[in-house]
Structure formats: C-alpha cells, structure tokens
Amino acid sequence: MPFYKMLCIATHFREYKHIKDLVTISAQHVMDNGGVVRNIQFWGTKTLPHVMKRRRQKYTIGDYWTMYFDTSPRTLNSLTAMVRRDPRVIRWTMIKQGDKVEDVVLPREKTVLRSDYLKAVKVVSWSDSPSS
C-alpha cells in the first residue's frame with residue numbers, strides 16, 4: 001500500500017470537538033478500508049496566507065493538521081470525495097510519500113550507531129570521586 005500525507009486546513013471553531021470529529025472521521029475512514037494511520041499532527045490555528053473562499057464563505061483563519069497513512073488508491077479517492085463534501089474543510093492536499101514506508105525511512109545502516117560508539121562507560125559513584 002502506498003504511503004501518503006494529507007495536509008488539511010479546517011474551519012476554525014471555538015469548540016475543539018469540530019476539529020476532533022473531522023480528524024476522527026478521516027482516520028476511521030482509512031482504517032475501515034484496510035489502511036493504517038501512522039501519525040496525526042495538529043499544527044494549530046493560524047492566519048491564512050490570503051482570504052480563502054469555500055462554499056460562498058470567506059475565511060481568514062484556519063486549523064492546520066496532517067495525517068500520515070498507508071492506504072490503497074481506491075480508498076484515497078473515497079477519502080478525497082469525503083473531504084470535498086465536508087463543510088468544515090477549507091483546503092486539503094494528498095501527497096504520495098512513497099510506495100512503502102521503507103521508501104520514506106532512512107536505510108538501516110544510517111540509523112544504527114556504529115560499534116566504536118558503543119564503548120563501555122565507566123560508572124563513577126560519589127564515593128569514588130576525588131574530594132576537594
């Protein structure tokens with residue numbers, strides 16, 4: 001399954017439950033169709049770079065969040081259709097990160113410490129320290 005990143009700008013509400021509901025529905029849609037949600041990040045409420053129009057309304061602030069997930073292209077299309085219909089969403093984009101998570105993660109040999117860094121550390125107790 002390909003690995004995707006979804007960046008979404010949602011309408012800002014005073015209550016947190018609206019953004020939580022949108023994120024929950026999106027993640028549940030991916031998981032119900034056999035996908036895996038890897039990470040969800042809330043970037044916070046930010047001023048938009050310019051006035052954005054959506055469904056005959058103008059927006060100047062929005063809630064930014066991202067979701068990293070693995071899913072099939074068919075599920076990605078249905079998620080896009082669902083987000084398009086949701087009135088809380090101002091803008092969104094789906095970015096394919098790779099065909100597998102392994103395409104995005106650094107190779108194993110670059111993430112493991114070399115053996116010369118794993119030297120034994122001498123433990124010094126308070127009684128072994130030199131007194132002044």
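The structure displayed is predicted, hence computed values, not measured ones.
- Applying the 4.5 Å side-chain rule to ILVMFWY residues, one finds Y4, M6, Y16, I19, L22, V23, I25, M31, V37, I40, F42, W65, M67, F69, L76, L79, M82, V83, V89, W92, M94 in the same cluster as V30.
- Here the straight-line distance linking atom OG1 of T66 with atom CD of Q41 works out to 4.0 Å at 0.5 Å rounding.
- The side-chain hydrogen bond (donor to acceptor under 3.5 Å, both in side chains) check on D21 picks up R88, with sequence neighbours excluded.
- When the side-chain contact (heavy atoms from CB on, under 4.5 Å) test is applied to K17, the partners found at least two apart in sequence or on another chain are E15.
- The side-chain contact (heavy atoms from CB on, under 4.5 Å) search around Q57 returns Y59, not counting sequence neighbours.
- Between I61 and I90 the shortest heavy-atom distance is O-CD1, 4.1 Å.
- In this structure, the separation between CD on Q97 and CG on D70 is 10.5 Å, given to the nearest 0.5 Å.
- P87 and R55 make their closest contact through CA-NE, 3.8 Å (heavy atoms, listed as atom of the first residue, atom of the second, distance).
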Under the side-chain contact (heavy atoms from CB on, under 4.5 Å) criterion, do T60 and L48 qualify, and how do the steps go?
-> CA-CA 5 Å; T60 56; L48 300 176; 5.7 Å; no
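- Every residue meeting the side-chain hydrogen bond (donor to acceptor under 3.5 Å, both in side chains) condition with T45, not counting sequence neighbours, appears here in chain and number order: H12, D63.
- Qualifying ring-ring contact (aromatic ring centres under 6.0 Å, His included) partners for Y68, counting only residues two or more places apart in sequence or in other chains: none.
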